[in-house]
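The first residue in the sequence is number 1, and the count goes up from there. The figures here come from the full heavy-atom set of this structure, side chains too, leaving out hydrogens, waters and symmetry mates.
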Amino acid sequence: MSRLSGRVLICKLGAIGDVIMTLPAAYALYRAGYEIDWICGTNVQALLDCYNWIHTIAVDDKAILHGRPRERIGALISLWRTAGRAQYDLCATLYYDPRYRILCLPVRAKRKIMLSRTTREAMLLDGRHHTDEYA
């Protein structure tokens, strides 16, 4: 295995199946020499903590997604304080909905990507699930 040569931040809060399907892509990045930080919801943190090469940044996803405005803001500020400290080579927000961009708003990264149905460089192949693309 090569020495760690950079850092990647993955933002995938939950849906345990999607998180599991993202693991091979994260592992490929790790094997390529990247340190992996992962913004996750509390419901999948225990799973991701089983992988000693993943550094989890757990957030209260229920507060962020369904909380009252004050709860949402508090949870976001807490996330931003943690995720905004580091410098990343890549920040991958693995959602189609552009509202998820707010999660990684203050993250400093050389490159930020997000799933897209319209932008050609981030678009997936028709008829394929996004987890196929992760693999």
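For the pair V8 and D37, the minimum side-chain heavy-atom distance is 4.5 Å or more. Taking 4.5 Å as the limit, every side-chain heavy atom of L115 sits out of range of all side-chain heavy atoms of Y100. By the 4.5 Å heavy-atom criterion applied to side chains, R101 and Y95 are not counted as neighbours. Residues I10 and I54 form no side-chain contact, since every pair of their non-hydrogen atoms from C-beta on lies 4.5 Å or further apart.
Separating the CG atom in L9 from the OH atom in Y34 is a distance of 14.0 Å, to the nearest 0.5 Å. Going from atom OG1 of T42 over to atom CG of L13 covers 9.5 Å, rounded to the nearest 0.5 Å. Separating the CD1 atom in I64 from the CD1 atom in I73 is a distance of 11.5 Å, to the nearest 0.5 Å. Rounding to the nearest 0.5 angstrom, the gap separating the CD1 atom in I57 from the SG atom in C40 is 8.5 Å. The distance from the CG atom of L48 to the CD1 atom of I39 is 12.0 Å, given to the nearest 0.5 Å. To the nearest 0.5 Å, atom CG of residue L29 and atom CG of residue D89 are 10.5 Å apart.
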task = Verify side-chain contact (heavy atoms from CB on, under 4.5 Å) between V19 and W38, making sure each step is shown before the conclusion.
result = CA-CA 10 Å; V19 168; W38 192 313; 3.8 Å; yes
ask   = Would T93 and L103 count as a side-chain contact (heavy atoms from CB on, under 4.5 Å) if you check the C-alpha gap in whole Å, the side-chain angles of each, and the deciding distance to 0.1 Å?
value = CA-CA 8 Å; T93 304; L103 296 173; 5.6 Å; no
message = What verdict does the side-chain contact (heavy atoms from CB on, under 4.5 Å) test give for W80 and I102, after you've listed the backbone C-alpha separation in whole Å, the side-chain angles of each residue and the deciding distance to 0.1 Å?
response = CA-CA 10 Å; W80 291 346; I102 196 168; 3.7 Å; yes
inquiry  = Quick one, L105 with L76, criterion side-chain contact (heavy atoms from CB on, under 4.5 Å). Give me CA distance, side-chain angles, the key distance, then yes/no.
reply    = CA-CA 10 Å; L105 192 63; L76 277 173; over 6 Å; no
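Within a 6.0 Å sphere centred on NZ of K112, other residues, nucleotides and ligands contribute more than 12 heavy atoms.
The aromatic rings of W53 and Y27 sit tilted, their planes meeting at an angle between 30° and 60°.
Under the 3.5 Å distance criterion, the side-chain polar atoms of R108 are matched with a main-chain donor or acceptor of R85. For R7 (side chain) and E35 (main-chain N/O), no donor-acceptor pair under 3.5 Å exists by modelled atom type. Proximity of a side-chain donor or acceptor of T22 to a complementary backbone N or O of D18 within less than 3.5 Å is detected.
Here the closest heavy-atom approach between residue Q45 and residue T56 is recorded as NE2-OG1, 3.6 Å.
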